[in-house]
Amino acid sequence: MESLSLFVGVIVLVFLAPVGTFWRIVKNRSTEEFESLPYVCTLLNSSLWTYYGIIKEGEILVATVNGFGVVVEAIYMLPCSWYMPPHDESGTVGLVSLLDVGFLGAAVLVTRLALKGDTRIDALGFLCSALNIVMYGSPLAAMKTVVTTKSVEFMPFFLSFFLFLNGGIWTIYAVLVRDYFLAVPNGTGFVLGTAQLVLYAIYRNAKPSKKFSIDGSQEEHLIPSSS
C-alpha cells in the first residue's frame with residue numbers, strides 16, 4: 001500500500017509540476033515564450049488513457065490517475081487562452097478543437113461502435129501508446145528554444161524532472177502488470193526526460209543569447225537564466 005501511495009503521489013506531482021509556470025503566466029499576464037503544445041497533447045493523452053483504463057479490466061489505477069490529469073490540464077489551458085498573444089490564440093484554439101475535442105470524440109465513437117472486446121482494447125492501446133510518445137516528444141519544441149536562446153528559462157526544471165520520473169515509474173508498473181502498451185511509450189518518455197535533464201544541466205548557467213520577441217523582432221533577454 002505504501003509503494004502504491006508513493007507511485008500515485010509521484011504521478012500526481014507530474015501533473016502539478018507546471019503550477020509555477022502558470023502562476024507566472026497569470027502574474028505577468030503573458031504566456032511569453034512558453035509553448036502550449038505540450039499541455040494540449042497531455043490533455044488528449046490523459047483523456048484517452050482514462051478511457052483505456054475504464055474499458056480494460058484491472059486498470060482502475062490508470063483511469064483514476066489520468067482522470068485527475070484531465071481535470072488539471074483543462075484548468076491549465078485557461079490562463080493560456082486568456083493571456084497568449086492574439087496571433088498564437090487562434091492556433092492553440094484550433095489545436096484544442098482538433099485534438100482534444102474532434103480527435104478524442106472520433107476515437108471514442110469508432111472504438112465504441114466499430115470494435116468490440118480485445119480488439120477494441122488493442123486498438124485503443126496502440127493509439128494511446130502512439131500519442132503518449134507524442135506527448136513526451138512535445139517538449140522538444142522547448143528544447144529547441146533552450147538551444148537557440150542558451151537559456152533554460154522556458155523549460156521548467158521540475159516539469160522535465162517529473163516527466164523523467166513519471167516515465168520511469170510507469171515503465172516499472174507496466175512491466176509488473178505486463179502491459180506493453182504502457183511500457184513502450186513510457187520507456188521512450190524516460191529516455192526523452194533524461195535528454196531534457198542533460199540539456200538543462202548544460203545550459204542552466206549559460207549566458208542567454210538574444211531571443212525573438214512576440215512581434216518577431218530581436219531583443220535582449222532581460223530575465224537571467226536559472227541558476
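Keep in mind that the numbers below use all heavy atoms, side chains included, and drop hydrogens, waters and symmetry copies. All of these numbers come straight from a predicted model, not from anything done at the bench.
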All pairs passing ring-ring contact (aromatic ring centres under 6.0 Å, His included) where residues 50-74 contributes a residue, at least two apart: Trp49-Tyr52
Any pair counted as side chain to side chain donor-acceptor pair (under 3.5 Å), so long as it reaches residues 112-123, sequence neighbours left out: none
Gap separating the [atom1] atom of [X] from the [atom2] atom of [Y], nearest 0.5 angstrom:
| X | Y | atom1 | atom2 | result |
| --- | --- | --- | --- | --- |
| Leu43 | Leu48 | CG | CG | 9.5 Å |
| Cys128 | Ile133 | SG | CD1 | 11.5 Å |
| Leu95 | Cys41 | CG | SG | 7.5 Å |
| Leu104 | Asn45 | CG | CG | 11.0 Å |
| Asn132 | Leu127 | CG | CG | 10.5 Å |
| Leu98 | Phe103 | CG | CZ | 9.0 Å |

With a 4.5 Å cut-off on side-chain heavy-atom distances among I, L, V, M, F, W and Y, is there a chain of contacts connecting [X] to [Y]?
| X | Y | answer |
| --- | --- | --- |
| Val146 | Ile202 | yes |
| Ile54 | Leu182 | no |
| Trp170 | Val177 | yes |
| Leu165 | Ile172 | no |

Salt bridge (charged side-chain N to carboxylate O under 4.0 Å, His left out) contacts touching residues 37-52 (sequence neighbours left out): none
Members sharing Val71's hydrophobic cluster (side chains within less than 4.5 Å): Ile75
Heavy-atom closest pair, residues Pro185 and Ser129: CB-O, 3.4 Å
Contact summary for Thr50 and Gly67, nearest pair of heavy atoms: OG1-N, 3.1 Å
For Asn186, side chain to side chain donor-acceptor pair (under 3.5 Å) partners two or more places apart: Tyr136
Derivation of the side-chain contact (heavy atoms from CB on, under 4.5 Å) call for Lys56 and Asp179: CA-CA 11 Å; Lys56 184 175 181 181; Asp179 190 330; 3.2 Å; yes
Side-chain donor or acceptor of Thr64 paired with backbone N/O of Leu61 under 3.5 Å: yes
Mutual orientation of the aromatic rings belonging to Phe161 and Phe164 [parallel < 30°, tilted 30-60°, perpendicular > 60°]: tilted
Audit row: Tyr203, Val147, side-chain contact (heavy atoms from CB on, under 4.5 Å) steps and yes/no: CA-CA 8 Å; Tyr203 288 106; Val147 174; 4.1 Å; yes
Partner residues of Phe126 under the ring-ring contact (aromatic ring centres under 6.0 Å, His included) criterion, sequence neighbours left out: Phe181
